[in-house]
Every structure is written in structure tokens, then in C-alpha cells.
Trainee: 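I have a structure here, written as C-alpha cells, and I will follow up with some questions on it.
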Amino acid sequence: MATEVHPDADAVAGLALITGLSAAALRQVADCAYLRHIPGGRRIFSQGEPAGRAHALLSGCVRVTQMGSDGAEIVIRFIGADQIFGCAPLLTDGLYPADATTMVDCIEVSWARADLLALMRQEPDIAINMTAILGRRIGETQERLRELATQSVERRIARTLLRLLDQAGQQADAGVRIAFPLRRKDIADIAGTTLHTVSRILTDWERRDLLTSRKQCLIVMSPEDIRRIAEGDGG
């Protein structure tokens, strides 16, 4: 980690993990952190390796994937700016449960396990924030399981796109652009369906001018229509 430096307090102030901390506590959090600029396409950590550090993203996007015993790999989630990742195993079995790979050039901060635990003991708000973040992710996972059991594939794909717009939507001339390169397999994994099905449905939506996709850049031209499909009012 020879190239890493400590971030300043302003750089980490927007992280959900440290919401509500005093200026002095923010400086301490920053002093314990290391900052890295990571090119796109680089592995940050690998499934099954010891979780020596907890991570948060200041900019960019990270794809989190998990491989099953049969060798099949699926996307678990995307991590965007100001979000934490790779933190839960520091509180459980100490092993990263998935791979984390940068999708674009990223700026990341991380903390050693001992430092983060010490900060949580000293600043209870950090522990409370961590619990809230992990709780929301569990809730999202439960919601995705419910959708998988009860909703049509068109609705699940539409809901996946809406979540991505909420997480990483940027206004563009033609609509709202998802601000990172997105493979159709990514959408298939998150929506719980096949690549063939996603390709068929997205091609139909492109024909209807609901969205456009070129070179892994997806722009939703009609978020209202996508929302109607997600709610079961069209498709």
C-alpha cells in the first residue's frame, strides 16, 4: 500500500457510515483511513480471502459478484459513491463473501479491521450507521426475493432499472443515464432471469423508445413508462 495516502476530513464527510459525527471525530476517521485511486477493471478483493480492511467508495462504481459451488457467477449488487462495502465480514467470519471489481476509475477509502472496530467503540454513531446500512441491504434483498416469487420478469427488470436510476442516474439530453457501464448480464443477475430474456425485453423497450443502450451505456428515455411497468400497469 505504498501509494496510499490519508484523505482529508472533507473527502469522507459524505459517507453514510459516518453521518452525524463531530468535526473532531471526522478528522479521526480520516486519519485512520487510506485513500486509493483504482483504475476500472481492477479487483479490490476476492471471495473467500481474509477481510483485512473495510471499504467505502468516494467516486466511481464497484460490481460485487459471487460465485457458487457450481462455478456460476452472479452480480449481487453495485456500490456507488459514498457507500460502504466489504465491511460485514469484519464483524462475522472474517472472510469476504464476494468479489469486488471496479467498473470505472474509482476513488476508494479503507480502514484496517482493528481501526474500524476501535472507531465504532469510540463513536457509537458509526456502529449505528453501519447497522442501518446493513439493515437496508437485507431489506432490499428480501424485497428482491419477494419480487422473484410474485412478479413477472418484465416488472422485475423494470424495478431493477428504477433502482439503478435511483442509485446512479444522471440527467442526459435523451433521458436519464445510468452512470456506469452496464452489461445485460448484470441486469439479468439482479432481476433473477436469463440473459436471453433481458435481451429480448430490452430490445422491445428500445423499439418502443423507452430506453436506448449503446456500448454498455443505458439511457432510460421514459422513466414514467418504466415505472408503470414496474407497478404492473403496462408492459
Trainee: For residues 71-82, which side-chain N or O atoms pair as donor and acceptor with protein atoms under 3.5 Å away, sequence neighbours left out?
Mentor:
| from | atom 1 | to | atom 2 | distance (Å) |
| --- | --- | --- | --- | --- |
| Glu73 | OE2 | Thr65 | OG1 | 3.3 |

Trainee: Got a sec, which residues hit salt bridge (Lys or Arg N to Asp or Glu O under 4.0 Å) with Arg121, two or more places apart in sequence or on another chain?
Mentor: none
Trainee: Could you tell me whether the side chain of Leu164 reaches within less than 4.5 Å of the side chain of Gln167, counting heavy atoms only?
Mentor: yes
Trainee: Which residues pass the side-chain contact (heavy atoms from CB on, under 4.5 Å) test with Ala191, not counting sequence neighbours?
Mentor: Arg156, Ile157, Thr160, Thr193
Trainee: Could I get the full list of salt bridge (Lys or Arg N to Asp or Glu O under 4.0 Å) partners for Arg177, not counting sequence neighbours?
Mentor: none
Trainee: In chain order, what residues pass the salt bridge (Lys or Arg N to Asp or Glu O under 4.0 Å) check against Asp189, with sequence neighbours excluded?
Mentor: Lys185
Trainee: With a 3.5 Å cut-off and sequence neighbours excluded, list the donor-acceptor pairs that the side chains of residues 93-100 form with protein atoms.
Mentor:
| from | atom 1 | to | atom 2 | distance (Å) |
| --- | --- | --- | --- | --- |
| Asp93 | OD1 | Leu95 | N | 3.1 |
| Tyr96 | OH | Arg53 | N | 3.4 |
| Tyr96 | OH | Arg53 | O | 2.6 |
| Tyr96 | OH | His55 | NE2 | 3.0 |
| Asp99 | OD1 | Gln47 | N | 2.5 |
| Asp99 | OD2 | Arg43 | NH1 | 3.4 |

Trainee: Test: side chain to side chain donor-acceptor pair (under 3.5 Å). Region: residues 216-226. Which pairs qualify, not counting sequence neighbours?
Mentor: Ser222-Asp225, Asp225-Arg228
Trainee: Per the ring pair (Phe, Tyr, Trp, His ring centres under 6.0 Å) rule, what does the pair list look like for residues 119-144, sequence neighbours excluded?
Mentor: none
Trainee: For residues 207-233, which residue pairs pass the ring pair (Phe, Tyr, Trp, His ring centres under 6.0 Å) check, not counting sequence neighbours?
Mentor: none
Trainee: Provide the full list of ring pair (Phe, Tyr, Trp, His ring centres under 6.0 Å) pairs with a residue in residues 100-136, sequence neighbours left out, each pair given once.
Mentor: none
Trainee: Which pairs of donor and acceptor atoms, one on a side chain in residues 12-31, lie under 3.5 Å apart (sequence neighbours left out)?
Mentor:
| from | atom 1 | to | atom 2 | distance (Å) |
| --- | --- | --- | --- | --- |
| Thr19 | OG1 | Ala16 | O | 3.3 |
| Ser22 | OG | Ala25 | N | 3.1 |
| Gln28 | OE1 | Gln122 | NE2 | 2.8 |
| Gln28 | NE2 | Gln122 | OE1 | 3.1 |

Trainee: Mind checking what makes salt bridge (Lys or Arg N to Asp or Glu O under 4.0 Å) contact with Glu49, not counting sequence neighbours?
Mentor: none
